[in-house]
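We use all heavy atoms of the structure for the numbers below, so side chains are in, but hydrogens, waters and symmetry mates are not. Just so we're clear, the structure is a prediction, and the values are computed from it rather than from any experiment.
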Amino acid sequence: TTKDTECSAAEHPVDVEHQEGEAENQKTLNEIMKSYEDVKITLRDILNIGQETINEVIPQTVKDLLWALLSRLMALNRTARAIQLEDISENLDSYTNSLEEDIFQKMNLYGKDSYNPLDILCALLNCSDMFLQQNILSKMATCQFALPLLLPTHNSPNCMFMLWAMRDIVKRWRPHTYTESKGFIEENLVQVEMPLFSFVRLGQSKLSKSKILNQVLSPAQQYQDFFIHDNMEGGNTERQISDGLVEISWFLPVGRENSDNFPEPVAVTNLRGDIESNWTQFSFLTQVSSAVFVFAESINETQCELLAQCSKSNTNFYFIITPSGKGVSKETSESFKKLLSIPSIHKSHILIKDKGVNDGRLVKNIQNIIRHFLKVCVQVKLEDLAKTATELGIKVDENSQECQIAKECATEITKEIQDVVQYKKETIQLQGDLWKQVAQIEKELCRMRKQGNRNIEEYKSQLMKDLKMLHMKQNQHDLPDPMSKFISAITHLSQEEKHYFLTWMKFALDSMARNNLSILKDKYKDKCNNKENNHEELKQLDLQISDSTLGVEHFLREMGQFYEAECSMVSQGKIKRDKIQFCNLPGIAADLLIDGFPLELIDGDASNIPLQWLSDLLTELDKKTGGKCRMRVITVLGVQSTGKSTLLNTMFGLQFSVSSGRCTRGAFMTLINVKENLQENLGCDFILVIDTEGLKAPELASLEDSYEHDNELATLVVGLSDITIINMAMENTAEMRDTLQIVVHAFLRMKQIGKKPKCQFIHQNVSDVSADDNNLRDRKKLLEQLDEMTRTAANMEKKSGITKFSEIMDYNLMEDNWYIPGLWYGVPPMASVNSGYSENVHELKKYLFKFMEKRENLQQPQNIVEFIEWIRSLWNSVKHENFIFSFRNSLVAEAYNQLAMKYSQWEWDFRKQIHTWLISTENSIKNQSEDKLQPETCQEVKAKLISSLNKQKEIMLKLLNEYFESKTDNVQLVEKYREDFSRGVNFLQKELEYSVTAKIDETIRIQKGKYQIKKIEDSYQKTIEAKVTNLLNQVREKKIQLKEDEVEKEFENMWKSTIAELPKNVLQKRNVTKDMLLDLKRDLSNTGSSIKEKFLCIEHLDKFGNFEFQIKDHHIDIKWYSRLKEFVTNECHIKTENLAYTLIERCSDYVTEKVNTGEDYDGTYCQELLNMINERLREEDAKNLHITHEFDLDIKLHILGSAARMFQIMHETFLKTDPMLCLEKLKPYYLSAFKNIFQEKDETQSRAKQFCELCLKPAITNQIYKHLGKDIVEDILYNQSAKELSSRSFFQSHVLQKLLEEKDFSQYASYSHCYELFVKQWLKQYILKTYETGLENLQRKILSDICKKIKAVFEELQDILTVSDFLKTFCGLLKSELVISQMELQLVSFHNKADIKQFSMGH
């Protein structure tokens, strides 16, 4: 530098220009520090945003250097310390004429106006207040910069012990003793006991002490510049004010022997300057250090005497000598001989580093010495060293009066906290169950989910009453002593003391939270490792972990709750306004917000907003800013633990909580002031930054309403924001699908209320320089996914015409994606900050402000009054939401489809087996006699059903598990759906159990109903057979030969006389229409008077359902639609018509199905019809049509009127199943038998033919038809290779494709209006087309199977003696296969004495 100053102006015209610069450049650092003596730089100052914040300005003055360092530190810029005044050497080319001059000037000018970074740092800290100092050191610790422990002060020869400044530094590490358990320690570094090693310089030393220290601390392959050294920019510049500075840094192990330098945490200090000039600092270090390493080239007699003064110290001294000559000087050797008499100095403590010893060997020796001391040395806490510092005349920063007063106030509160969970229940009760109940009732007032059958006005009235009662209970709570102390402190303390108080509270509460979490997590780990773990205990521990955090926000929230409760009582007139206690609290909170303190916007625990508290707080803010508070809002959203708070803190220098175990809950807001030089450009005075709780929080995932919690949060914060940052901590966008679903749906709702925020996607942990280009396709896919999700969400929200994400959000594919490297460079806790992180965040910040400057697609900034009203209306909208949406992952569609196809096959096999079982069971029931069909039998049948269902369920679950274990068809991609499909199997079992049980019950009911007819038939048949037998005997007794016509005449006379004697009209006729009208009356019993009045005029159903149902004006609530456009009303009319049509069709199908059974009418049929109608009208789409009760009545009258006629005919047809008619059908067969017996002919062939015609043929035909449907499905699925029917999704896709190909509008209309009916018709046509040549092959196959079983039974029954026994046994063996009419069977048995073998062969 001497040569630089001697250069003439003539030789260097640049120097002349530079010397003529602004006078500000000439100010010394001392003068700058003096200018900040009275008014320090504060945290509030760094939150002010100006032009210089957006565009980083190269420092022009010394003062600029301080602000540049500060802004870079706030942004976690790894190069923050490498900052100098503008390098003017770049402009030399225009002033030089030769290469030699150019080089000469550059070499001489280098560093002319440079400052040592330590000087700039010391100046900055001296100019800052204690809160900013704390923030600066916290940022430096994050960047792995060495921190000032003893700071030289500009207005005093003494230095300052920076204890308060380091209070906020919390680190995590894993000592080697924790390696096996994989545990870790998290603690504030000033409160951790660890050995301290100090490094000092005596005289001159050509060896860089700081550089050696960096190597000692740096993990293998991860060198870091903890301490500034002479090879760093500005590091070799002479220090002006930082001599006497003592820096401290730490080594914290990660728990790996091969990479950790030391197994336990170690603190290292570095004294800047010679110990002779900084004896106080050196004395302090000798008293607190386990060992002091002295770097020197030589030691003279004076220096030896100086060191001898430390003879009483217990500290061990090590000397690292770097001789300037060929070896150690004689004077140095003599000095060491004297020093060896000191107990703490041994010969082995003298390390000579000559030219033959490289730095690496020296570093290894120092590390070995430190490792040795770790086993034996005394450990110290930094906070305990304050006493030593005070004794030596060193000031301690936190000993200021304001700080100590605040500490006492905080300690008075925190000392009472033993059990956090219990303390929260006893001390801050208002935000507990009471507040959560208030939140639930407020939402229930909007959503009315639990209304049930209660009257809406009565229900609302009850809710309002409950709400007032809860507010009253809140207000009746006395102010607990801790809360009283808290409110008193923030009310009466000065502004500075108030900030100290809140910070002390934060430190104490965070420390408790860390300790509690550590203990609880250890317990949780032990329980999990215990093989006999109790799930209930784990659940309780889980709840304790979730509830074990206690922060300042809880006290502020409780304060707000007392205010809310009081305001509620005032509004109800229970408290007079002159009796209000807490009216000053909103003003105090507003002051905190102005000072940059984050305040809670949304209570994440209760998912609620204290609107009165928030409104009054913001109103006070409006007053304090003079009504000039136009605001822009920036919000961040993302999944939990993706660095959202860190991103905002880095971008704006904020203080959102980021420590472990203290994840953000709900949403917090911080107010940033916009400087005057930027207000006009941005069009606003303040920026409100909102940090949100992470979506998809694991601790909330098990809660029933966790999805609602996320959706409410996303909807609200997006609605409030002008710019929304979507934070994604992964490169693969597929992993963000869940978050994007929530966000897209939230954005869609914002469209509904006219908000269109700017969207920025932040892809974190992406460090590749080519990420932007390489991920263009991914971004395109992301946009496609967003578009798809938008369409899906729009359909779900019934918002037509919205197809693109850009219609909801201001989003540019090329500009609105940011790829940011991970925060850490290396492995924490020794990792430094990645320089790319801060640089990219700064670029994002610049872009956001430029966007706000352009004001494109942005609404006008809101003032406070407008913002309050916006929050109210938006929160009201959120409370009215139902959040009923859900999305399916489409990236695994193919794997999912394959699984769905397999599942459809397994499902069909399940259904087929149960269908086959049902056919057999129905056959068995129909073959049962009345005495055997008892309740016990019914229970046995149902027990067998349950057993069969369980067996098939186990088979299906086994197939499902085997499929997943096989890893075929990329099934691992849909592992998350395994549980869904497993649940589907259970649902299928329950569905089949319900439907099959209903069919069995109906079969049993029908069978029991037939017994009356069967008894009569049996009685009549026995009477006829007795008469026939009697006639045979009479004719035989006469012993006369009758001709054939005479035999027939005798038989005819007997038949007529017998029939005449039998009773007539044994079955009673019912009035079905009348019974159904009574059922309808009961169904409409809860309707209004007008409906009842109309219903009373109806005497019978005959006149209803004769013509096509017509929609009339009184069927639709015209008043509701009066404010809508005409075409919307017409559309609703069409939809109501369609609803009526589909409902009538569905009910008509049901009636036809019952009529075709040929059985008698049952009263349950009408009940089922009414249930079908009521369930359909309760569905969401039907409700949205706003149909009236008149429609309800008229549609029921129409459907029941039509059904009543059909059911009446069904009933009368059944009555015609007269036993007489059945006997008449059998008359020819009895006559034939009579003639054959009388004439003594061989009846074997004729009787066998009778058996086939009357018994087997009808039974077999019936069995074929029962199995035919099942076999058609089986044939189509497996033999026709119909992929379009292999799963639901393929089927739906195929149907849509056919619609597109055929282009038949009527088909489109039918599909759109009634999907179910359309699909039924489509399937019918598909089957008809598939089997247009007939079903003979399938029928023949079923017949073949039945015949095989019949032949097997015939072969088994050859040894039975009589035909009667043969037939009885035959029917018993085939009772589950065939239903044979007993009447016909009795006829075949009548006087049948055929040979069994011949009879069976005759079939």
Side-chain angles (χ1 to χ4, degrees), residues 413 416-417 420-447 450 460-491 547 549-589 599-620 665-667 709 712 868 871-872 875-876 878-879:
I413 297 171
E416 299 175 13
I417 305 173
V420 171
V421 176
Q422 193 62 32
Y423 183 85
K424 287 169 77 171
K425 287 180 181 178
E426 294 174 355
T427 305
I428 50 177
Q429 300 179 41
L430 267 63
Q431 63 187 269
D433 291 337
L434 285 174
W435 174 230
K436 289 173 183 175
Q437 288 173 37
V438 167
Q440 289 168 3
I441 290 177
E442 285 179 353
K443 289 174 187 175
E444 181 62 18
L445 275 166
C446 300
R447 298 173 184 174
K450 302 175 183 177
K460 276 189 174 181
S461 177
Q462 183 60 47
L463 289 174
M464 290 300 297
K465 185 178 178 182
D466 294 344
L467 189 61
K468 289 178 180 178
M469 185 62 67
L470 287 170
H471 282 309
M472 188 176 293
K473 284 182 180 179
Q474 281 186 312
N475 192 64
Q476 286 172 350
H477 273 281
D478 292 329
L479 193 65
D481 185 55
M483 278 306 303
S484 178
K485 290 175 180 176
F486 182 85
I487 292 173
S488 175
I490 67 167
T491 304
D547 205 29
T549 55
L550 179 64
V552 176
E553 69 269 19
H554 290 91
F555 285 87
L556 291 170
R557 184 192 296 170
E558 191 74 3
M559 189 172 81
Q561 284 302 304
F562 273 103
Y563 182 81
E564 282 260 328
E566 188 176 68
C567 288
S568 176
M569 293 299 99
V570 171
S571 65
Q572 294 177 40
K574 303 285 178 67
I575 297 178
K576 294 181 179 179
R577 292 194 175 274
D578 57 351
K579 301 289 185 182
I580 295 175
Q581 301 180 58
F582 307 119
C583 60
N584 62 329
L585 296 183
I588 294 167
L599 291 185
E600 189 173 64
L601 172 65
I602 303 171
D603 179 350
D605 292 317
S607 293
N608 202 11
I609 296 178
L611 269 178
Q612 189 64 51
W613 164 250
L614 188 62
S615 300
D616 292 351
L617 185 160
L618 292 173
T619 301
E620 286 295 324
R665 293 299 308 273
H709 176 81
E712 288 172 356
I868 292 171
I871 291 177
R872 285 184 183 278
W875 182 235
N876 190 53
V878 168
K879 287 192 292 186

Exercise for review: Carefully, step by step, assess V878 and I609 under the rule side-chain contact (heavy atoms from CB on, under 4.5 Å).
Suggested key: CA-CA 11 Å; V878 168; I609 296 178; over 6 Å; no

Practice item. Before giving the answer on side-chain contact (heavy atoms from CB on, under 4.5 Å), spell out for L467 and H471 the whole-Å C-alpha distance, their side-chain angles and the decisive distance to 0.1 Å. Key: CA-CA 6 Å; L467 189 61; H471 282 309; 4.1 Å; yes

**Study point:** Single hit among N608, I602, D603 for side-chain contact (heavy atoms from CB on, under 4.5 Å) with D605
**Key:** D603

Check your understanding: For the atom pair CG (L556) and CG (L599), what is the distance rounded to the nearest 0.5 Å?
Key -> 6.5 Å

Revision key, fill the gap. Closest non-hydrogen contact found for P586 with W613 is N-CZ3, 3.7 Å

Exercise for review: Taking the side chain as every heavy atom from C-beta outward, state whether F582 and I487 have any pair of such atoms under 4.5 Å apart.
Suggested key: yes

Show me the side-chain donor-acceptor pairs of residues 476-483 shorter than 3.5 Å, one per line, residues at least two apart or across chains.
unit_1: D481; atom_1: OD2; unit_2: K485; atom_2: NZ; d: 3.1

Check your understanding: Would you say the side chains of Q431 and E558 form a donor-acceptor pair under 3.5 Å?
Key -> yes

Check your understanding: Atom CG in N584, atom CD1 in I490: separation rounded to 0.5 Å?
Key -> 8.5 Å

Study note, to complete from the structure: Here the gap from Q612 atom CD to T619 atom OG1, rounded to the nearest 0.5 Å, amounts to 8.5 Å

Practice item. Name all residues meeting the side chain to side chain donor-acceptor pair (under 3.5 Å) criterion together with Q561; count only those two or more places apart in sequence or in a different chain, and write none if there are none. Key: Q474

Revision key, fill the gap. One should read off an interatomic distance between Y423 OH and I413 CD1, to the nearest 0.5 angstrom, of 6.5 Å

Exercise for review: Heavy atoms only: give me the nearest C567-D616 pair and the separation to one decimal.
Suggested key: SG-OD2, 4.3 Å

Check your understanding: Under 4.5 Å between any side-chain heavy atoms of F555 and M559, yes or no?
Key -> no

Point to revise | Considering all heavy atoms, the nearest G587-E620 contact | key: N-CG, 3.6 Å

Practice item. Working to the nearest 0.5 Å, report the span between NZ of K425 and CG of D433. Key: 8.5 Å

Review point. Does the side chain of Q422 pick up a donor-acceptor pair with the side chain of E426 at under 3.5 Å?
Key: yes

Point to revise | Over 12 non-hydrogen atoms of neighbours within 6.0 angstrom of CE in M472 | key: yes

Review point. Between S571 (side chain) and S568 (backbone), is there a donor-acceptor pair under 3.5 Å?
Key: yes

Review point. Can you check side-chain contact (heavy atoms from CB on, under 4.5 Å) on Q429 and L434, steps first, answer last?
Key: CA-CA 8 Å; Q429 300 179 41; L434 285 174; 5.7 Å; no

Check your understanding: Roughly how far apart are E564 CD and L614 CG, rounded to 0.5 Å?
Key -> 9.0 Å

Practice item. Just do the side-chain contact (heavy atoms from CB on, under 4.5 Å) check on S607 and K443 with the steps written out, would you? Key: CA-CA 10 Å; S607 293; K443 289 174 187 175; 3.5 Å; yes

Review point. What pair of heavy atoms forms the shortest contact from A606 to A439, and how long is it?
Key: O-CB, 3.7 Å

Check your understanding: Do E566 and I580 have side-chain heavy atoms sitting under 4.5 Å apart?
Key -> yes

